[in-house]
2 protein chains.
Amino acid sequence: MAVRLADVAAAVGLSGSTVSRALSDPDKVNPATRERVLKIAQEMGYVPNQSARSLTAGRTDLIGLLVPDIANPFFPPIIKAVQARANDKGKTILIADIDERPGDELQRARLMRKRSDGLLIASPRTPQDQLAELVALQPVVFINREVPGGTSVIIDSADGMDQAVDHLAALGHRSIAYLNGPRRSWSNTQRQKAIKHACRRRSITLHEFGPFEPQVQSGVHAADLVHASEATAVIAYDDLIALGVIARLTERGIRTGEDVSVIGVDDSPMSAMAYPTLTTVHVPGAEAGSAAVDALLALIDGAEPGEVVNLETRLVVRSSTGPAPS
Amino acid sequence: MAVRLADVAAAVGLSGSTVSRALSDPDKVNPATRERVLKIAQEMGYVPNQSARSLTAGRTDLIGLLVPDIANPFFPPIIKAVQARANDKGKTILIADIDERPGDELQRARLMRKRSDGLLIASPRTPQDQLAELVALQPVVFINREVPGGTSVIIDSADGMDQAVDHLAALGHRSIAYLNGPRRSWSNTQRQKAIKHACRRRSITLHEFGPFEPQVQSGVHAADLVHASEATAVIAYDDLIALGVIARLTERGIRTGEDVSVIGVDDSPMSAMAYPTLTTVHVPGAEAGSAAVDALLALIDGAEPGEVVNLETRLVVRSSTGPAPS
DNA sequence: CTGAAAGCGCTTACAG
DNA sequence: CTGAAAGCGCTTACAG
């Protein structure tokens with residue numbers, strides 16, 4: 001097999017204890033000794049066995065990350081940021097894709113938990129009544145959902161939604177539509193509430209449609225409903241739905257940004273490359289990912305669960321919104 | 001701490017050996033005994049310590065996956081498929097994002113290798129002269145690049161490119177442009193070669209532009225170059241570049257699919273939601289991911305390195321291509 | 001600063 | 001079919 005600690009010890013003519021210390025706790029060893037050990041270990045191509053190290057140290061330096069669907073463009077930026085932050089901290093990421101099957105989430109979380117020092121669960125889909133079992137898998141940090149008793153990094157839609165309504169109001173829109181996301185989505189509840197509030201405050205008429213699945217196809221469907229209503233602007237649950245709306249309007253010869261204004265949520269890469277480019281609420285997925293890693297490491301180090309990190313959203317204005325038609 | 005094997009053994013009144021066997025090698029134990037052990041282990045909430053198991057078993061049941069950039073839409077389908085396949089086989093995925101820094105790839109690969117039973121490296125960016133060091137990290141499977149001496153799952157662009165040129169030829173195009181991807185990209189070399197060959201065979205004039213980075217912005221730039229040439233159709237290195245071309249053409253009032261035909265490569269989700277929808281060469285990323293996991297498991301089980309799995313591509317015709325303008 | 005020894009929690013020949 | 005014992009490769013009090 002590979003070179004072991006004992007092989008290095010024999011080669012240097014020291015005990016395993018000293019070699020171990022030279023490698024993992026350099027301050028406890030004579031500098032000269034340390035140099036020799038390091039040099040020879042290097043020459044021999046010594047690589048510590050992680051399983052043995054984990055067994056004695058009681059930790060794996062592994063972090064589990066669960067996401068509902070890697071292919072959903074909302075998640076890659078989160079995954080990427082989590083990975084980067086964890087790497088900086090000397091941790092490695094285990095990844096699990098739930099493939100949008102809420103029933104699998106808890107079981108996959110249990111499996112991941114026993115291989116890692118803690119869990120990051122992005123947009124958990126587990127129903128309310130089983131949430132406690134997820135929280136019990138401490139240390140755990142939830143991303144994009146506030147979970148009772150659990151540590152969460154959430155993204156506050158209120159600000160962004162408020163800005164979106166404000167933007168439309170300034171453009172003269174008096175009647176707008178909101179396309180709801182999935183019924184059980186925590187984010188949708190937040191967004192719906194914020195938008196209702198914002199419209200009421202400005203005496204804007206709000207028409208609601210949905211629930212819709214977060215897919216382009218849903219937007220294609222929704223576009224016709226919206227166009228049949230009196231709304232001159234539409235805010236969609238997410239960019240995918242918004243892009244579907246635009247595609248369908250364009251197909252029907254209705255000009256987005258002139259005849260109808262459209263706003264999405266997520267600021268996913270596609271929103272900048274659509275035609276016309278999509279006005280959307282920027283959701284800081286990457287920041288959420290980094291913050292979640294930090295919160296998890298704090299938990300692993302003994303912090304009390306329950307902290308809620310709240311990130312803000314903001315409107316990014318592009319070409320899909322314009323003055324209300326007169 | 002948690003319940004250990006010894007605790008379960010004490011509770012059942014059996015030796016640790018028997019409990020161990022009942023759990024991991026049920027056939028070697030009396031059925032009745034097995035039942036008792038399983039029942040009690042379950043009741044006590046016993047979960048085997050993976051580090052200890054790995055240390056004795058000599059394997060981690062972990063597979064490392066390296067990707068150049070999780071946020072690049074080409075990779076999520078691969079990651080998703082790898083994860084799904086690995087999960088089916090009882091393996092868990094460690095993920096690393098190289099963030100498009102070729103120089104980091106080898107080092108990250110080494111780190112991942114010592115935590116896992118084997119490596120999957122998607123679209124390796126490591127330069128030719130260091131490739132051997134990557135191959136030395138056996139068991140390793142490369143996805144989307146053929147590496148001397150290594151096991152690879154590659155995607156053969158030739159077929160798809162041939163179909164693309166065929167499609168354009170049938171539409172009456174006699175002069176087409178190819179937008180090259182990054183200079184050192186293995187895929188680009190393959191695609192360029194295939195397209196040259198296909199054009200020569202049909203006596204079609206080929207204009208080459210680039211190299212370009214695989215980004216929308218590159219396409220925006222390229223669009224003007226193409227339009228200034230005599231080409232009536234353009235094949236881009238990937239969908240991102242193709243989408244940039246379309247966006248710019250639309251902006252300039254040039255109708256895609258009528259004045260100019262555009263073809264991408266990847267068949268990424270965006271290609272179906274662009275306007276007009278993008279004709280593109282479907283690249284079977286998910287199939288590649290599954291095949292790579294299978295190849296890696298075979299290597300881990302002792303197969304000889306060097307196998308090359310070749311997957312085919314095919315053209316998906318949408319609305320961005322049409323008859324050549326007369 | 002260094003070494004001998006025990007221990008982390010499992011698995012696996014080897015006996016019986 | 002079951003048990004005692006050794007061992008996987010490290011780390012860490014405990015002595016010196």
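Values below: every heavy atom of this structure, side chains too, minus hydrogens, waters and symmetry copies. Please read all numbers here as calculations on a predicted model, not as lab measurements. Chain naming here is simple, since letters A, B, ... match the order of the sequence lines and numbering starts at 1 in each.
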Pair assignment for dC14(C), Watson-Crick or G-U wobble, requiring both distances under 3.5 Å: dG3(D)
Sugar-phosphate only, base, or nothing, as touched by Thr33(A) at under 4.0 Å among non-hydrogen atoms: sugar-phosphate
Arg4(B)/Asp7(B) ion pair, N-O < 4.0 Å: yes
Among dC10(D), dT11(C), dT2(D), the one nearest Thr56(B) by side-chain distance: dT11(C)
Main-chain N/O of Leu62(A) paired with Arg115(A) side-chain donor or acceptor, under 3.5 Å: no
Check: Asp117(B) side chain, Arg59(B) main-chain N or O, donor-acceptor pair, under 3.5 Å: no
Whole-Å gap separating P (dT11(C)) and CG (Leu23(B)): 8 Å
Phosphate-side-chain proximity, Ser24(B) and dT11(C), N/O vs OP1/OP2 below 4.0 Å: yes
Arg53(B) CZ to dC8(C) P, straight-line distance once rounded to whole Å: 19 Å
Any Tyr46(A) side-chain N or O less than 4.0 Å from OP1/OP2 of dC10(D): yes
Below 4.0 Å: OP1/OP2 of dG3(C) and any side-chain N or O of Ser15(A): yes
Length of the line joining Arg4(B):CZ and dT11(C):C1', which is rounded to integer Å: 16 Å
Short side-chain N/O contact to dC10(D) OP1/OP2 from Ser20(A), under 4.0 Å: no
